[in-house]
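Note sheet for the following structure.
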Amino acid sequence: MFENSLSYAKSLDSKDVLSKYRQEFNFPKVNGKQVIYFTGNSLGLQPKRAVKFVNEVMTDWAELAVEGHFYADKPWWDYHERFCEPLSKVVGAKASEVTVMNTLTVNLHLLMATFYKPTTGKFKIICEEKAFPSDQYLIQSQVQWHGLNYKDVVVEVKRRKGEHNFRTEDILAKIDEVGDELALVLIGGINYYTGQVLDIKTITNYAQQYNAKVGWDLAHAAGNIELKLHDWNVDFAAWCSYKYMNGGPGNASGCFIHEKYHQDETLVRLGGWWGHNKERRFLMEKKYDPIESANGWQISNPPILSLAPYLASVEMFSEVGMSTLIAKRDQITAYLDFVIQDIAKEVGGNFEVITPIVPEERASQLSVLLHGEGRELFTYLMEKGVIVDWREPNVIRLAPVPFYTSYEDIYHFGQILKQGLKQSNV
Ligand SMILES: *Cc1c(COP(=O)(O)O)cnc(C)c1O
């Protein structure tokens, strides 16, 4: 149904309701030419309006200094609350269930402090094998911090031999195997390496039958797939702002905490003054009185300069809506896959797309496993202004982010890939 031609790609762009958003982002240049950017799954492009949001804070700081906390246009003392409503739409939550603070791994630590309470009969954690390194270190060190032993506590879900992706049935079987000893499931909602989307709802509900808590690392999922964290009864989740959400390097992370926990006084939140009852925050009272919402997990005076670009980006998500992004995401990812296969047929190429083909398990990323001399091809693409990313041992990840990728980008990428394959004999 697709065609690998410039005119066809242009015709898709002319029908693309998101095409005007491309102008809203700053693209880097290579050899004076705007790049084809496929690494929005690693660091999203800069929204032009982020500059305005940051400058606003800088100006308020210059002109108001301490008074900015209350008298800035967007006062700093509750700046983080501006995220709750718009971000709740992105992740399918109630506004009270969402907050923005710290960074992703820090937030997962804090959420584990609340939700991972090992006892002698209930202490096991299920995670994925070969998880993103930060998640591995997170879990290892949490286990250590509780004075436990990794191999007694952590059960890794594995892929079957010869397969690239997890099977839901295998994850469920692992949950059954661990049974009542299961305290926590903590997995990436989308696998960073393959781009596989996991069945968050099924896995969450299944593990909860054993009274386990279920948390999700949504680094690659937020702003990429449809999420219904509230309805799926997810216990907690966190994501970074700088991948699909274009919030800027290392900027503040989003958190979800289901409303069923907001008033639970038996849960420990590692506290700080920003989690304390807002009206009484400055009274410096002795007794900690956490806010009855996800904001009750806040700790510090929020990093306004880290929040400002994320707020600019969240505003764009509100304008566009996840369903529009997802509709384009599916079409442009399918087009990219088509173009890759078409080029492979034409010039040959010893590689395969290892991202699942079924639509429920695929989002805005294709991972291409190269069986030949991959590194050369990677270098060639980068030199020609195609920004992709390389994961050891031999995977190239391509994310045609719907917010700013054009179909014409995909066509031109195909032509560059063809030249690269001819030269490097992949
Ligand atoms: C990107 C990513 C992280 C990054 O964590 P930071 O704390 O923001 O550095 C963590 N986990 C996963 C799965 C990721 O994809």
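Any value given below was found using the heavy atoms of this structure, including those in side chains, with hydrogens, waters and symmetry copies removed. As the structure lists them, so they are numbered: ligands from 1, and atoms in each ligand from 1. Keep in mind that what you see is a predicted model, and the values were worked out from it rather than measured.
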From the candidates T105, I190, N107, N191, the one that places a heavy atom nearest atom 5 (O) of ligand 1: T105
Nearest-neighbour protein heavy atom for atom 3 (C) of ligand 1, which is reported as residue plus atom name and distance: F132 CE2, 3.3 Å
Closest approach of any protein heavy atom to atom 11 (N) of ligand 1, naming residue and atom: D135 OD1, 2.7 Å
Ring geometry between W390 and F378 (parallel below 30°, tilted from 30 to 60°, perpendicular above 60°): tilted
Residue H220 vicinity, atoms of ligand 1 by number, heavy atom under 4.0 Å: 15 (O)
Per-atom contacts of ligand 1 with A219, taking only distances under 4.0 Å to non-hydrogen atoms: 2 (C), 12 (C), 14 (C), 15 (O)
Heavy-atom pair with the smallest gap, counting every atom of C127 and V154: SG-CG1, 3.6 Å
Identity of the nearest option to atom 9 (O) of ligand 1, non-hydrogen atoms only, from Y242, Y137, Y192: Y242
Residue part near ligand 1, for V106, under 4.0 Å between non-hydrogen atoms: neither
Where ligand 1 meets K243 - atom numbers and elements under 4.0 angstrom, heavy-atom basis: 1 (C), 2 (C), 3 (C), 14 (C), 15 (O)
Over all atoms of both residues, closest heavy-atom pair of G189 and L218: CA-CD2, 4.1 Å
K213 side-chain N/O to A183 backbone N/O, donor-acceptor pair under 3.5 Å: no
Geometric cation-pi criterion R281 and W273, 6.0 Å radius, 45° cone: no
N102 side chain to S253 side chain, donor-acceptor N/O pair below 3.5 angstrom: no
N/O separation below 3.5 Å, S134 to ligand 1: no
Residue among L398, V386, L377 satisfying side-chain contact (heavy atoms from CB on, under 4.5 Å) with L417: L377
